[in-house]
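Here is the structure we will look at, set down as structure tokens.
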Amino acid sequence: MPTRAPSMHGRHLADLTSSALDGLRPAGPIGLWPVGAVEPHGPHAPLGTDTLISTGICDRAAARLPELPIVVLPALPFGVTRCGSAFAGAVGITPETLRATVLDVAASLAEQGFRRLVIVNNHFEPEQVATLRDAASEAGVLYLDLVRRVNAERLTDEFRRGSCHAGRYETSLVLADRPGLIDEASRKRLRSVEVDMPAELAAGRTDFVAMGMDDAYCGAPAEATAAEGRATFEILTDMLVRLVREEA
Ligand SMILES: [Zn+2]
């Protein structure tokens with residue numbers, strides 16, 4: 001007997017055949033687009049942490065919306081990443097490239113019959129967020145804005161304090177979905193580093209070292225747990241599901 005198809009079967013654009021997508025087009029597919037960055041996340045977490053989180057949210061939302069023609073797009077793994085450039089692994093694109101990519105992909109999806117596109121981003125460097133907000137509005141697509149107060153206040157204390165780069169918040173999310181990617185021996189040794197990133201950025205300090213993040217992280221990665229990550233994923237997924245139901 002064939003095994004039962006997993007709930008995500010047929011939900012990833014890159015996995016579909018042309019005829020399978022054609023079959024979805026009369027319903028007006030809704031694209032969910034995970035967006036992240038390649039940048040240092042402390043000595044313990046993967047460079048692609050932000051992309052991994054965005055993908056986890058989109059996959060969960062797609063599974064929770066079986067009644068809608070949801071299609072998860074291939075993730076955009078590169079973002080505007082300058083804060084971490086003193087460390088190995090900050091591989092980024094310019095705001096102009098990011099904007100052009102969003103506009104081009106949005107136009108192409110519309111031509112292909114998609115009724116809506118929702119950008120799901122978890123790289124919160126100010127240039128990244130500003131570029132995505134502007135490009136989304138220019139392209140007429142939705143942007144799940146996790147740093148907006150109404151969303152941020154539902155997230156963990158560390159996230160709300162803004163001391164959350166590769167700390168307890170993000171590391172928990174990676175532990176929930178890809179525990180094998182966390183260097184556990186390093187993680188457990190890391191002391192907590194309190195940095196108010198929004199305040200540092202507002203004061204004009206735009207690189208991790210100047211902000212006091214000598215190891216490219218802040219927050220408390222040693223306190224991270226998979227259970228917290230799963231709980232946070234549920235909250236993040238709720239936000240996306242609600243946005244899709246209300247506006248897509
Ligand atoms: Zn991150």
Side-chain angles (χ1 to χ4, degrees), residues 34-60 75-93 120-129 146-147 152 155-201 203 205-237:
V35 172
V38 176
E39 70 165 0
H41 276 77
H44 62 293
L47 300 174
T49 289
D50 301 344
T51 314
L52 188 159
I53 296 169
S54 295
T55 299
I57 299 168
C58 291
D59 284 353
R60 284 171 174 80
L76 177 60
F78 297 111
V80 183
T81 175
R82 307 204 220 249
C83 294
S85 48
F87 299 88
V91 180
I93 55 179
V120 177
N121 168 56
N122 279 273
H123 173 53
F124 303 121
E125 201 162 311
E127 280 184 296
Q128 168 92 352
V129 172
L146 297 175
V147 294
L155 295 168
T156 68
D157 180 57
E158 188 190 84
F159 185 90
R160 282 183 276 118
R161 289 202 316 277
S163 186
C164 59
H165 180 76
R168 173 174 169 163
Y169 172 86
E170 287 192 322
T171 305
S172 292
L173 289 163
V174 179
L175 284 173
D177 270 11
R178 299 287 303 278
L181 295 181
I182 297 290
D183 177 343
E184 279 292 87
S186 297
R187 178 182 78 81
K188 288 175 182 157
R189 278 197 307 269
L190 295 174
R191 68 189 173 91
S192 95
V193 175
E194 187 69 23
V195 173
D196 183 341
M197 290 183 77
E200 293 292 323
L201 290 159
R205 285 183 281 278
T206 54
D207 79 74
F208 288 162
V209 178
M211 292 181 211
M213 295 160 60
D214 296 339
D215 264 331
Y217 76 93
C218 61
E223 294 171 13
T225 65
E228 177 178 309
R230 286 190 290 271
T232 299
F233 263 129
E234 286 312 306
I235 297 167
L236 292 165
T237 302

For this session: Please lay out, stage by stage, how I57 and N122 fare under the test side-chain contact (heavy atoms from CB on, under 4.5 Å).
Result: CA-CA 10 Å; I57 299 168; N122 279 273; 3.5 Å; yes
Seminar exercise, completed: P43 and Y217 have their tightest heavy-atom pair at CD-CD2, 3.9 Å
Problem set entry | Minimum-distance pair of heavy atoms, taken over all atoms of N121 and L146 | O-CD1, 3.8 Å
For this session: Output all residues satisfying side chain to side chain contact (heavy atoms under 4.5 Å, CB included) with I93, sequence neighbours left out; order by chain, then residue number.
Result: F78, T97, L98
Exercise. What's the shortest heavy-atom distance between E39 and F208, and which atoms?
Worked result: OE1-CZ, 4.2 Å
For this session: Let me see the working for L201 and C83 under side-chain contact (heavy atoms from CB on, under 4.5 Å), right down to the final yes or no.
Result: CA-CA 10 Å; L201 290 159; C83 294; 4.2 Å; yes
Exercise. Once you round to the nearest 0.5 Å, how far does CZ of F233 lie from CG of D59?
Worked result: 9.0 Å
Problem set entry | E125 CD to T81 OG1 distance, which is reported to the nearest 0.5 Å | 5.0 Å
For this session: Hey, could you give me the CG/CG distance between L173 and L236, rounded to the nearest 0.5 Å?
Result: 6.5 Å
For this session: Report yes if some heavy atom in the side chain of T49 is under 4.5 Å from a heavy atom in the side chain of P46; otherwise report no.
Result: yes
Exercise. Which atom names give the shortest non-hydrogen contact between E184 and L175, and what distance separates them?
Worked result: OE1-CD2, 3.9 Å
Problem set entry | Those residues that, when tested against E223, pass side chain to side chain contact (heavy atoms under 4.5 Å, CB included) (two or more places apart) | R168, A220
For this session: Examine distances only and state if a side-chain atom of S172 and a backbone atom of T225 form a donor-acceptor pair shorter than 3.5 Å.
Result: yes
Side-chain polar contacts of residues 191-199 - donor-acceptor pairs under 3.5 angstrom, sequence neighbours left out - could you list them?
unit_1 : atom_1 : unit_2 : atom_2 : d
E194   : OE1    : R161   : NH2    : 3.0
E194   : OE2    : R161   : NE     : 2.8
D196   : OD1    : A199   : N      : 3.2

For this session: Take V120 and V35 through the test side-chain contact (heavy atoms from CB on, under 4.5 Å) and record every step on the way to the result.
Result: CA-CA 6 Å; V120 177; V35 172; over 6 Å; no
Exercise. Can you tell me if R82 uses its side chain to pair, donor with acceptor, with the backbone of D207 under 3.5 Å?
Worked result: no
Seminar exercise, completed: For K188 and A222, the nearest pair of non-hydrogen atoms, with its separation, is O-CB, 4.0 Å
Problem set entry | ring pair (Phe, Tyr, Trp, His ring centres under 6.0 Å) partners for H41, two or more places apart | H165
Exercise. Could you give the distance from NE2 (H123) to OG1 (T51), rounded to the nearest 0.5 Å?
Worked result: 9.5 Å
Seminar exercise, completed: Here the pair of heavy atoms bringing G229 nearest to A176 is C-CB, 3.8 Å
For this session: Run the numbers on D215 and H44 for side-chain contact (heavy atoms from CB on, under 4.5 Å), then give the verdict.
Result: CA-CA 10 Å; D215 264 331; H44 62 293; over 6 Å; no
Exercise. Quick one: salt bridge (charged side-chain N to carboxylate O under 4.0 Å, His left out) partners of R205, sequence neighbours excluded?
Worked result: E200
Exercise. What's the spacing between F87 CZ and L47 CG if we round to 0.5 Å?
Worked result: 12.0 Å
Problem set entry | Residues in ring pair (Phe, Tyr, Trp, His ring centres under 6.0 Å) contact with F124, at least two apart in sequence or another chain | F159
For this session: Could you tell me whether a side-chain N or O of R187 sits under 3.5 Å from a main-chain N or O of D183, the two making a donor and an acceptor?
Result: no
Seminar exercise, completed: CD (E170) and SG (C218) are apart, to the nearest 0.5 Å, by 9.0 Å
